[in-house]
Amino acid sequence: MDRPNKPSAISPSGTGPQPSVHSEQGRVIASLPTGDSVEVLLYGATVVSWKANGRENLWVSEAAKLDGSKPVRGGVPIVFPCFGPPPKDHATSALPQHGFARNTTWEYLGKSSSESGKLASGGDDSVKLDFGLSSSQLSEDAKKAWGYDFALVYSVTLARDGLQTMLNVQNKGDKAFEFQMLLHTYFRIDNISKVAINGLGSTTYIDKVLNATEQQQSSPSLQITGEVDRVYKSIKQDTTSITQDGKSRLDVTRDGLSDSVVWNPWIEKAKSMGDFEPKDGYKKMVCVEVGAVDGWTKLEAGETFEGGMIVKSHA
């Protein structure tokens with residue numbers, strides 16, 4: 001399928017070891033000479049592992065299905081073209097919750113050295129993986145439910161201490177369509193009671209725990225002491241940071257996006273989900289998810305949209 005930036009082979013360098021990329025059993029694994037690595041399932045193009053400084057940064061449920069039988073509980077599932085249950089009066093109404101991107105097998109388009117962009121510093125210590133999904137790859141049911149001609153290119157760039165994930169949406173048809181997108185990222189943490197999420201102060205959010213009512217974030221940081229399911233809208237600050245014991249743990253920077261979802265199921269919700277294991281796993285994870293989910297993004301025929309995130313890991 002077409003893609004905006006066709007990958008080229010990683011150029012050889014005399015300065016030292018190169019990144020390595022290999023595919024096996026429906027997944028693509030890339031690693032840097034530093035030992036940092038990323039692992040992406042072709043099913044859903046779901047990032048299921050990202051290690052920096054020997055530390056795993058993503059949480060994946062012990063009961064997650066990694067065989068393509070259902071969307072992965074954990075990692076970074078891609079939500080497209082609808083977030084949550086689709087509204088009854090919309091073009092996405094016949095689709096399942098969160099759409100079809102996370103439960104369709106994507107095509108691996110190739111690797112390239114990442115010599116441009118905010119994470120790049122040359123081919124030796126960064127590598128970009130591209131994955132594609134187009135209308136022709138959808139199931140017959142999905143095609144009937146959402147009959148637009150589109151193409152998605154998902155680029156995953158691994159760099160030292162950093163990960164960039166960008167979704168490029170192309171309208172290949174002759175009529176406009178509306179969509180939502182979200183990178184539903186599950187971050188691994190040591191102890192939820194010692195975590196704070198910063199950068200959301202004075203932001204309006206929709207609180208799904210409180211019947212989807214609109215609320216205002218009054219404090220500069222959010223501590224999680226119960227179930228949290230919030231959609232923060234039009235966030236002024238680009239970066240949302242996760243601190244642990246008062247120290248920087250992860251910085252999540254939105255790129256071309258203005259919304260973020262913060263989610264933790266807490267005790268009862270975790271118990272109610274069959275694929276959430278262990279049941280006290282909510283203590284070890286928090287979702288900070290970048291997206292365009294407040295209303296709909298309209299893409300005219302021939303137009304392209306791109307948005308994603310850059311995450312930096314602090315040891």
Side-chain angles (χ1 to χ4, degrees), residues 43-47 70-104 106 131 133 138-139 141-142 145-148 150-154 165-171 176-187 197 200 203-215 217 227-235 240 252 254-265 269 273 275-276 285-299 304-309 311:
Y43 185 76
T46 307
V47 181
K70 65 179 295 188
V72 177
R73 172 71 66 190
V76 190
I78 301 170
V79 171
F80 179 90
C82 57
F83 169 58
K88 292 178 182 176
D89 57 349
H90 194 263
T92 57
S93 62
L95 290 173
Q97 171 164 305
H98 293 337
F100 51 70
R102 66 184 186 141
N103 59 3
T104 304
W106 292 52
F131 302 87
L133 180 66
L138 296 184
S139 68
D141 286 346
W146 203 69
Y148 295 99
F150 73 95
L152 305 179
V153 177
Y154 186 51
T165 55
M166 296 293 294
L167 185 67
N168 181 286
V169 183
Q170 304 164 32
N171 184 341
F177 63 73
E178 292 183 327
F179 70 93
Q180 296 170 323
M181 61 80 62
L182 184 79
L183 302 180
H184 196 321
T185 311
Y186 293 70
F187 288 111
I197 299 166
L200 300 171
T203 302
T204 300
Y205 64 90
I206 297 167
D207 195 328
K208 294 189 176 182
V209 176
L210 297 176
N211 299 314
T213 53
E214 202 165 90
Q215 308 287 332
Q217 175 80 26
E227 182 185 351
V228 172
D229 192 353
R230 299 178 178 182
V231 179
Y232 287 86
K233 310 189 298 180
S234 303
I235 305 168
T240 301
V252 184
R254 286 172 297 281
D255 193 347
L257 301 170
S258 58
D259 306 328
S260 282
V261 173
V262 177
W263 182 72
N264 183 291
K269 181 67 71 69
M273 292 186 289
D275 61 352
F276 194 98
M285 56 71 64
V286 65
C287 287
V288 177
E289 317 162 28
V290 305
V293 294
D294 179 30
W296 298 87
T297 299
K298 187 174 184 179
L299 206 59
T304 297
F305 168 94
E306 189 168 59
M309 67 177 176
V311 189

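Quick note: residue numbers are just sequence positions, from 1.
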* **Non-hydrogen side-chain atoms of L183 and I78 separated by less than 4.5 Å** => yes
Correct closest heavy-atom pair for V252 and M309 would be CG1-SD, 4.1 Å
Looking only at heavy atoms, the pair that brings T46 and Y43 closest together is OG1-O, 3.4 Å
#### Entry: Close side-chain approach of S258 to I235, heavy-atom, < 4.5 Å
no
| query | T185 versus V311: any side-chain heavy-atom pair under 4.5 Å? | reply | no
Query raised in the report: Sub-3.5 Å donor-acceptor pair from the side chain of N171 to the main-chain atoms of L299, do we have one?
Result: yes
In short, V79 meets C82 closest at the heavy-atom pair CG1-O, 3.1 Å
*asked:* If you define the side chain from C-beta out and look only at heavy atoms, does anything of M181 sit under 4.5 Å from L257?
replied: yes
Any V169 side-chain heavy atom under 4.5 Å of F177 side chain: yes
Checklist entry - Okay, side chain of Q180, backbone of D294: is any donor-acceptor separation there less than 3.5 Å? => result no
Residues at least two apart in sequence or cross-chain that pass side-chain contact (heavy atoms from CB on, under 4.5 Å) with P265, listed by chain then number, are W263, K269, A270, M273, F276, Y282, M285
> Is a side-chain donor-acceptor pair under 3.5 Å present for Q215 with R230?
Replying inline: no
Here the pair of heavy atoms bringing P96 nearest to P86 is O-CD, 4.0 Å
Practice prompt. Determine whether D255 and E306 make a side-chain contact, defined as any pair of heavy atoms from C-beta on separated by less than 4.5 Å.
Written response: no
Looking only at heavy atoms, the pair that brings A101 and L133 closest together is CA-CD2, 4.2 Å
N/O donor-acceptor pair under 3.5 Å between S139 side chain and A142 backbone: yes
#### Entry: Whether F150 and F80 hold their rings parallel, tilted or perpendicular, with breakpoints at 30° and 60°
tilted
Taken to the nearest 0.5 Å, the spacing of D259 CG from K233 NZ works out to 8.5 Å
For the pair Y232 and Y205, name the ring-plane relationship: parallel under 30°, tilted 30 to 60°, perpendicular over 60°.
-> tilted
Nearest heavy-atom contact between H98 and G84 is ND1-N, 2.8 Å
Sorted by chain and number, sequence neighbours left out, side-chain hydrogen bond (donor to acceptor under 3.5 Å, both in side chains) with S234 holds for none
Are the ring centres of Y148 and F179 closer than 6.0 Å?
no
Rounding to 0.5 Å, atoms CG (D207) and CD (E214) come to a distance of 11.0 Å
Sorted by chain and number, sequence neighbours left out, ring-ring contact (aromatic ring centres under 6.0 Å, His included) with Y154 holds for none
Please confirm whether the backbone N or O of K208 pairs with a side-chain atom of D229, one donor and one acceptor, at under 3.5 Å?
no
